[in-house]
> 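One structure follows; several queries about it will come next.
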Amino acid sequence: MRSLTERLELSQVEAALRAGMSWQEIAAALGVSRQVVHRKYAKRIDPSIPVPRRNR
């Protein structure tokens, strides 16, 4: 069950990134911090997805 949940969440994170959402927006939707969601998924997402960068 946990494995299925993880795969579904990753799929939704990828869909959100494809739709142009930022890591902050995704984190808010999941109820966690931007750092948590980025740390968990940044290296697992499909590399063809354009990922928004933070302005520095």
Side-chain angles (χ1 to χ4, degrees):
M1 194 76 150
R2 187 171 291 144
S3 177
L4 175 60
T5 301
E6 289 289 325
R7 288 193 313 268
L8 290 172
E9 189 172 89
L10 173 60
S11 174
Q12 291 304 302
V13 168
E14 288 179 330
L17 288 168
R18 283 188 182 99
M21 289 178 72
S22 69
W23 286 111
Q24 183 63 46
E25 292 169 318
I26 295 168
L30 293 173
V32 297
S33 72
R34 182 198 61 80
Q35 292 86 354
V36 167
V37 76
H38 186 267
R39 187 178 305 127
K40 186 173 182 179
Y41 293 110
K43 293 182 181 179
R44 295 174 57 196
I45 61 169
D46 179 346
S48 70
I49 299 171
V51 179
R53 301 283 180 211
R54 284 179 46 185
N55 295 331
R56 294 185 187 231

> Give me the atom names and distance for the closest heavy-atom approach of Glu9 to Leu30.
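Nearest heavy atoms, Glu9 then Leu30: OE2-CD2, 3.8 Å.
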
> Closest approach of Glu25 and Gly20, non-hydrogen atoms and distance?
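Looking at all heavy atoms of both residues, the shortest contact is OE1-O, 4.2 Å.
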
> Kindly give the heavy-atom pair with the smallest separation between Val37 and Trp23, and that separation in Å.
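So the two residues come closest at CG1-O, 3.7 Å.
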
> Examine the side chains of Arg7 and Ser11 and answer whether a donor and an acceptor come within less than 3.5 Å of each other.
no

> Quick test of your reading of the model: are Lys40 and Glu6 salt-bridged, counting only N-O distances below 4.0 Å?
yes

> What distance do Gln24 atom CD and Met21 atom CE have between them, rounded to the nearest 0.5 Å?
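Rounded to the nearest 0.5 Å, the CD-CE separation comes to 10.0 Å.
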
> Any side-chain heavy atom of Arg44 within less than 4.5 Å of one from Val13?
no

> Looking at Ile49, is its backbone amide N or carbonyl O close enough to the side chain of Glu14 to form a donor-acceptor pair, meaning the two atoms are under 3.5 Å apart?
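No; judged by distance alone, with no hydrogens or angles, the pair does not exist.
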
> As an exercise, state the distance from OH of Tyr41 to CD1 of Ile26, rounded to the nearest 0.5 Å.
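The distance works out to 10.5 Å.
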
